Visitor: 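I have a structure I would like to understand better, so I am pasting it below and will then ask my questions one at a time.
Labels below follow one simple rule: chain letters A, B, ... track the order of the sequence lines, proteins then strands, and each chain is numbered from 1. All values reported here derive from a predicted model rather than from experimental measurement.
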Amino acid sequence: MSEERSLNFIEEIVEEDLQSGKYGGRVLTRFPPEPNGYLHIGHAKSICLNFGLAHKYGGKTNLRFDDTNPVKEDVEYVDSIKEDVKWLGFDWADELYASDYFDTLYDLAVILIKKGLAYVDDSTAEEIAVQKGTPTEPGTPNQYRSRSVEKNLQLFADMKAGKYPDGAKVLRAKVDLASPNMQLRDPLMYRIKHAHHHRTGDQWCIYPMYDFAHGQSDSIEEITHSICTLEFIPHRPLYDWFIEQLGIFPSKQYEFARLNLNYTVMSKRKLLQLVEDNHVEDWDDPRMPTISGLRRRGYTPASIRDFCERIGVAKRENMIDVSLLEFCIREDLNKTAWRRMAVLDPVKLVITNYPIDKTESLFSENNPEVEGGEGGRELPFSNELWIERDDFMEEPPKKFFRLGVGLMVRLKSAYIIKCESFTKDEQGNVKEIQCTYIPDSKSGHDTSGINVKGTIHWVSVPHAHTAEVRLYDRLFRVEDPSNEDGDFKEYLNPDSLQIIPKAYIEADLANAIPGKGYQFIRKGYFTLDKHSTAGKLVFNRTVTLKDGWVKK
RNA sequence: UGCCCGAUAGUAUAAAGGUAGUACGACGGUUUUUGGUACCGUUUGUCUAGGUUCGAAUCCUGGUCGGGCAACCA
């Protein structure tokens with residue numbers, strides 16, 4: 001392939017650094033999730049960026065858990081994050097934890113205290129907030145700011161030793177209370193939390209804040225390019241300040257715009273609410289934008305990587321249309337999914353001139369997109385078939401290429417039939433459609449000379465298996481639920497899940513393989529749900545087929 | 001109203017002072033035993049006002065609009 005994609009701005013930076021020999025030709029990135037929730041498609045963008053960059057330039061990527069807030073974090077999340085990153089197809093160099101550096105971080109804090117650049121503050125959170133001033137007014141120093149190095153050293157050691165209750169004291173960096181950048185107004189470095197940590201247990205009762213953990217962790221690992229999202233831009237001067245004062249490895253932070261997808265929400269907090277309030281089944285509900293939800297829905301790792309490649313990387317806020325995600329999964333599945341027939345909304349069709357007790361076996365290929373079709377399977381055919389209710393109309397409009405009295409269609413991989421009549425039940429619903437078939441129109445051996453415009457799918461009544469089929473639609477009714485008035489949950493789409501308890505499926509689908517995508521011909525792509533069993537098959541619709549037929 | 005970031009078709013994303021291009025979407029057509037796929041075509045864009053320049057999406061200045069920052073969250 002000579003196709004050359006232009007570089008995104010971060011790749012440009014990396015190439016410049018590589019050329020100038022800034023890090024000796026080394027590229028080391030990191031993916032640093034906090035283990036307080038499940039990964040979502042937005043994280044996938046970051047994962048693809050970080051791992052992709054390292055891969056492209058012969059570097060490596062660490063997986064680092066930013067676990068500095070024990071009250072929000074859990075091993076359940078650690079495990080799911082590792083599973084999701086692996087599933088996406090990436091291998092990390094080292095699995096690391098900010099909590100691994102608690103000792104080192106403590107020592108670094110002591111260094112700053114000794115340099116007179118950090119102090120213990122006894123103020124309450126409220127007092128500190130007031131003293132920080134506002135964006136338009138500078139902050140004011142308090143009495144604690146001028147404590148002696150010795151006193152600070154002692155107090156900080158006492159904090160660590162557990163002599164104070166939560167909130168009694170904090171360690172702050174002495175930077176600039178008048179800075180126009182609020183992040184520099186003596187930011188907190190450590191707070192007291194007598195809380196159990198999922199890795200360090202009860203060893204610590206003081207925990208470093210993000211600003212005194214993230215950059216230092218980057219530096220300890222000698223990360224070359226620390227990539228994060230836009231909201232951390234104001235933190236960058238502080239990131240650099242700590243590194244400079246400490247004289248440690250100069251990792252550099254770069255920021256890109258996070259992914260926003262329309263008709264969903266992307267914050268862990270909101271996703272957690274949906275789970276806790278039972279608006280969805282769990283974090284891996286197929287309607288969720290989580291990696292695990294997309295996986296259960298039938299998305300493939302390749303399709304998500306392709307999506308992340310296509311959306312690009314820049315610094316401006318964006319709102320990506322879900323239709324692009326859908327395009328990516330269709331593109332992948334079209335080439336790989338085996339075709340099968342399933343009737344979701346059945347109506348019976350009887351072929352009046354086909355022998356009642358006859359069963360015929362018809363061949364149908366697995367995948368027309370591949371040379372040779374990747375083999376195929378035998379389809380039993382009889383005089384009674386299930387077809388899709390909307391493939392018949394009592395009064396078909398002009399360009400309706402399906403059934404209606406007098407109209408002809410081909411039954412996929414079988415015969416051409418002609419609709420002769422139909423019957424209704426007491427409620428006036430079509431109950432049965434009567435057709436005749438053209439014996440010499442058999443698929444592959446058609447000598448009838450008849451050309452029909454439409455082909456429909458079908459399942460033989462006596463040979464049909466059944467399955468529950470779940471159809472999903474967008475989770476929200478509006479493009480940007482977070483930006484609407486009131487609570488975002490008011491904008492949930494009440495029809496985001498439609499369950500079809502009994503669909504008729506061709507026999508071979510009883511052997512469907514978990515994790516594999518199937519195309520139900522003319523209906524979309526489907527995959528087995530995790531709750532599917534041999535006794536009760538359950539299929540999730542991953543995505544519909546693109547529908548070029550607009551009614552009327 | 002302090003500081004910071006940003007603004008290119010409907011949505012994203014290129015063009016590093018020199019032809020505004022690509023993808024998705026939409027629309028139309030050809031092919032088709034999936035109204036799918038494939039292929040072809042059409043459509044719509046540089047926030048604004050100045051300035052620098054032979055030449056500006058790009059550089060400069062002002063404005064407008066969007067976003068971020070004052071958590072013992074990350």
Side-chain angles (χ1 to χ4, degrees), chain A residues 5-8 12 32-34 36 66-69 71-73 98 121 123-125 128-139 166-172 179-185 188-193 206-207 209-211 213-214 228-237 255 257 262 268-269 307 310-328 330-331 334-335 339 341 364 368-369 399-402 409-414 416 441 443-444 446 451-457 519-524 544-551:
Chain A
R5 185 178 59 81
S6 50
L7 304 178
N8 64 49
E12 283 177 6
E34 182 188 15
N36 67 343
D66 226 336
D67 55 350
T68 57
N69 187 2
V71 300
K72 285 189 175 176
E73 298 153 8
D121 193 326
S123 308
T124 64
I128 289 177
V130 171
Q131 289 159 10
K132 275 192 183 178
T134 68
T136 52
E137 303 162 76
D166 288 5
K169 289 179 166 45
V170 292
L171 182 72
R172 298 175 71 178
S179 172
N181 180 348
M182 297 300 291
Q183 304 301 329
L184 260 21
R185 319 251 266 228
L188 272 61
M189 294 168 61
Y190 271 90
R191 76 283 216 191
I192 299 170
K193 264 184 207 275
I206 56 171
Y207 291 93
M209 299 288 290
Y210 167 85
D211 286 305
H214 200 102
C228 61
T229 45
L230 256 26
E231 65 269 30
F232 291 100
I233 289 178
H235 294 248
R236 191 182 342 120
E255 312 85 8
N262 57 10
K268 282 189 200 170
R269 203 190 95 251
F307 173 73
R310 286 170 184 271
I311 57 178
V313 178
K315 293 190 80 157
R316 75 183 80 108
E317 308 280 342
N318 59 78
M319 174 71 79
I320 308 284
D321 201 311
V322 281
S323 64
L324 182 62
L325 221 208
E326 295 179 343
F327 166 81
C328 292
R330 284 192 189 108
E331 174 121 304
N334 176 50
K335 297 194 190 81
R339 273 55 173 177
M341 292 206 276
S364 191
E369 291 300 308
K399 292 219 171 140
F400 189 69
F401 304 141
R402 312 182 197 176
V409 295
R410 173 172 293 280
L411 293 168
K412 173 71 182 171
S413 298
I416 292 174
S441 67
S443 185
D446 189 347
N451 251 326
V452 293
K453 204 81 167 107
T455 299
I456 65 171
H457 59 282
Q519 184 192 107
F520 290 1
I521 291 175
R522 299 207 303 140
K523 294 273 93 178
T544 60
L545 253 29
K546 194 174 156 190
D547 192 358
W549 190 63
V550 279
K551 294 173 178 81

Visitor: Of the listed nucleotides (C72(B), A38(B), G35(B)), which one gets closest to any side-chain atom of Phe401(A)?
Guide: G35(B)

Visitor: When the distance from CE of Met319(A) to P of G25(B) is rounded to whole Å, what number comes out?
Guide: 19 Å

Visitor: Should the side chain of Ser443(A) and the base of U33(B) be counted as holding a donor-acceptor pair, with the cut-off at 3.5 Å?
Guide: yes

Visitor: Nearest of A12(B), C72(B), G36(B) to any side-chain atom of Asn334(A)?
Guide: G36(B)

Visitor: What's Ile521(A) touching, base or sugar-phosphate or nothing? Going by heavy atoms closer than 4.0 Å.
Guide: base

Visitor: If we count only N and O atoms by modelled type, under 3.5 Å, do the side chains of Asn36(A) and Glu34(A) hold a donor and an acceptor together?
Guide: yes

Visitor: What is the distance, to the nearest angstrom, from the CD atom on Glu326(A) to the C1' atom on G36(B)?
Guide: 15 Å

Visitor: C73(B), OP1 or OP2 - any side-chain N/O from Arg191(A) closer than 4.0 Å?
Guide: yes

Visitor: Taking the side chain of Pro180(A) as heavy atoms from C-beta outward, which of U34(B), C5(B), G2(B) is closest to it?
Guide: G2(B)

Visitor: So for Arg410(A) and U33(B), does any side-chain atom that can act as donor or acceptor lie under 3.5 Å from a complementary atom in the base?
Guide: yes

Visitor: NA contact type, His214(A), heavy-atom cut-off 4.0 Å: base, sugar-phosphate, or nothing?
Guide: nothing

Visitor: Applying a 3.5 Å limit to both distances, which nucleotide forms a Watson-Crick or G-U wobble pair with U32(B)?
Guide: none

Visitor: Just compare G35(B), G67(B), C5(B) and give me whichever is closest to any side-chain atom of Glu317(A).
Guide: G67(B)

Visitor: Nearest of A14(B), U37(B), A74(B) to any side-chain atom of Asn8(A)?
Guide: A14(B)

Visitor: Students often get this wrong, so: under 4.0 angstrom with heavy atoms, is Gly548(A) touching a base, only sugar-phosphate, or nothing?
Guide: sugar-phosphate

Visitor: Of the nucleotides C72(B), U1(B), A14(B), which has the atom closest to the Ala125(A) side chain?
Guide: C72(B)

Visitor: Distances for protein N/O vs nucleotides 16-18 of chain B N/O pairs under 3.5 angstrom?
Guide:
none

Visitor: Taking any strand in view, what nucleotide pairs with U22(B) in a Watson-Crick or G-U wobble way, both distances under 3.5 Å?
Guide: A12(B)

Visitor: For the side chain to side chain contact (heavy atoms under 4.5 Å, CB included) test, which of Glu231(A), Lys315(A), His235(A) pairs with Glu255(A)?
Guide: Lys315(A)

Visitor: On RNA chain B, nearest-nucleotide positions of Lys399(A) versus Thr68(A): which is more 5'?
Guide: Lys399(A)

Visitor: May I ask which nucleotide in the shown strands pairs with C3(B), Watson-Crick or G-U wobble, both distances under 3.5 Å?
Guide: G68(B)

Visitor: Could you check whether the side chain of Arg316(A) and the base of G66(B) have a donor-acceptor pair of N or O atoms closer than 3.5 Å, going by distance alone?
Guide: no

Visitor: Under 4.0 Å between a side-chain nitrogen and a carboxylate oxygen: does that hold for Lys132(A) and Glu137(A)?
Guide: no

Visitor: Going by purine N1 to pyrimidine N3 plus the second Watson-Crick contact, or the G-U wobble pair, all under 3.5 Å, which nucleotide sits opposite G41(B)?
Guide: C27(B)

Visitor: Can you tell whether the side chains of Lys193(A) and Asp166(A) come within less than 4.0 Å, N to carboxylate O?
Guide: no

Visitor: Taking all heavy atoms of Met182(A) and all of Gly133(A), pick out the closest pair and write down the distance.
Guide: CE-O, 3.9 Å

Visitor: How far, in whole Å, is A7(B) from U13(B) if one measures between their P atoms?
Guide: 9 Å

Visitor: For a quick check of understanding: with a heavy-atom distance under 4.0 Å over all strands, which category does Phe307(A) fall into, base, sugar-phosphate or nothing?
Guide: nothing

Visitor: If every non-hydrogen atom of Ile416(A) is compared with every non-hydrogen atom of Ser441(A), which pair is closest and at what distance?
Guide: N-OG, 2.8 Å

Visitor: Where do Arg316(A) and Ala257(A) come nearest, in terms of heavy atoms and distance?
Guide: O-CB, 3.1 Å

Visitor: By the 4.0 Å heavy-atom rule, please label Pro138(A) as base, sugar-phosphate, or nothing.
Guide: nothing

Visitor: Is Leu188(A) touching bases, backbone alone, or none of the nucleic acid, heavy atoms closer than 4.0 Å?
Guide: base

Visitor: Does Phe327(A) reach a base, just sugar-phosphate, or nothing at all? Heavy atoms under 4.0 Å.
Guide: sugar-phosphate

Visitor: Ring centres under 6.0 Å, that's the criterion: do Tyr210(A) and Phe232(A) meet it?
Guide: yes

Visitor: Which part of the nucleic acid, if any, lies within contact of Asn69(A), taking any heavy atom under 4.0 Å across all strands shown: a base, the sugar-phosphate backbone alone, or nothing?
Guide: sugar-phosphate

Visitor: What contact category does Lys268(A) fall into here, base, sugar-phosphate, or nothing, at under 4.0 angstrom with non-hydrogen atoms?
Guide: nothing

Visitor: Check whether any side-chain nitrogen or oxygen of Lys193(A) sits under 4.0 Å from OP1 or OP2 of C73(B), and answer yes or no.
Guide: yes

Visitor: Which of the following nucleotides, C24(B), C69(B), C5(B), is nearest to the side chain of Arg310(A)?
Guide: C24(B)

Visitor: Does Thr229(A) reach a base, just sugar-phosphate, or nothing at all? Heavy atoms under 4.0 Å.
Guide: nothing

Visitor: Base, sugar-phosphate, or nothing: which does Val313(A) touch, judged by heavy atoms less than 4.0 Å apart?
Guide: sugar-phosphate

Visitor: When only distance counts, do a donor and an acceptor, one from the side chain of Arg330(A) and one from the base of U37(B), lie under 3.5 Å apart?
Guide: no

Visitor: Test the Lys453(A)-Phe401(A) pair against the cation-pi criterion, namely NZ or CZ under 6.0 angstrom from the six-membered ring centroid and within 45° of the ring axis.
Guide: yes

Visitor: Mind checking Gly444(A) for me? I need base, sugar-phosphate or nothing, with any heavy atom below 4.0 Å counting as a touch.
Guide: base

Visitor: Using the P atom on both, measure U52(B) against C60(B) and round to a whole Å.
Guide: 15 Å

Visitor: Using the C1' atom as the reference point in each nucleotide, state the distance between A70(B) and G63(B) in Å, no decimals.
Guide: 27 Å

Visitor: Please determine whether any donor N or O and acceptor N or O are separated by less than 3.5 Å between the side chain of Glu255(A) and the base of G6(B).
Guide: no

Visitor: Less than 3.5 Å apart, any donor N or O on the side chain of Asp121(A) or Ser123(A) sitting next to an acceptor on the other?
Guide: yes

Visitor: Just call it for Leu545(A): base, sugar-phosphate, or nothing, with non-hydrogen atoms closer than 4.0 Å on any strand.
Guide: base

Visitor: Select one nucleotide: of G2(B), G35(B), A74(B), the one nearest the side-chain heavy atoms of Pro135(A).
Guide: G2(B)

Visitor: What nucleic acid atoms does Tyr207(A) come within less than 4.0 Å of, heavy atoms only: base, sugar-phosphate, or nothing?
Guide: nothing

Visitor: Reading RNA chain B from 5' onward, which residue's closest nucleotide shows up sooner: Lys169(A) or Asp321(A)?
Guide: Asp321(A)

Visitor: To the side chain of Ile311(A), which of A74(B), A12(B), U37(B) is closest?
Guide: A12(B)

Visitor: Work out how far the C1' atom of G45(B) is from that of U8(B), and round it to whole angstrom.
Guide: 6 Å

Visitor: The side chain of Lys412(A) is closest to which nucleotide in this list: A14(B), U37(B), U33(B)?
Guide: U33(B)

